[in-house]
Structures are given as structure tokens and as C-alpha cells.
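What follows is a short report on a single structure.
Computation of the quantities below employed the complete heavy-atom set of this structure, encompassing side-chain atoms and omitting hydrogens, waters and symmetry-equivalent molecules. Note that the structure is a prediction, hence the values are computed from the model and not measured.
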Amino acid sequence: MGLMDDAKETAETLGRKAKDAWEDTTDRIGDKVDEMKADAEVKKAEAEAESVRKRNDLKEDLRGD
């Protein structure tokens with residue numbers, strides 16, 4: 001029975017390691033997605049700020065300031 005017990009323990013260990021590896025991979029993917037979303041939000045905010053600056057500059061030019 002020792003051989004069967006060893007095989008069972010090995011299978012459980014492999015299953016646990018596979019599960020841990022899967023969870024790590026999904027966490028990494030989620031982290032990367034979050035990073036990409038944050039980068040996109042920053043770029044959007046920078047573009048909006050630039051648009052406001054240009055609009056304000058045009059208004060100042062029209063006022064003759």
C-alpha cells in the first residue's frame with residue numbers, strides 16, 4: 001500500500017501546484033489588464049488637459065489678452 005499512498009500524495013501535490021500556478025497566472029493577467037487600463041486613463045486625461053489648454057489659449061487670443 002505504500003506505493004499507492006506515495007502515488008496519491010504525488011498526485012495531490014501536482015494538483016495543488018497546478019492550481020497555484022493557474023492562480024498566479026490569472027493574477028498576473030489581471031494585474032496587466034489593470035495596468036493597461038490605468039495607462040489608458042492617464043493618456044485620456046492628458047489629452048483632455050491639452051485640449052482645455054488649447055481652447056483657453058484660443059479664447060485668450062480672441063479676447064486680445
Heavy-atom check, side chain of K54 versus side chain of E50, under 4.5 Å: yes
Show the atom names and distances, to 0.1 Å, of all donor-acceptor pairs under 3.5 Å that link a side chain in residues 11-37 to residues at least two apart or in another chain.
from: T13; atom 1: OG1; to: E9; atom 2: O; distance (Å): 2.9
from: T13; atom 1: OG1; to: R16; atom 2: NH2; distance (Å): 3.4
from: T25; atom 1: OG1; to: A21; atom 2: O; distance (Å): 2.9
from: T26; atom 1: OG1; to: W22; atom 2: O; distance (Å): 3.2
from: T26; atom 1: OG1; to: E23; atom 2: O; distance (Å): 2.9

Using 4.0 Å as the upper bound for N to carboxylate O, is an ion pair formed by K43 and E46? no
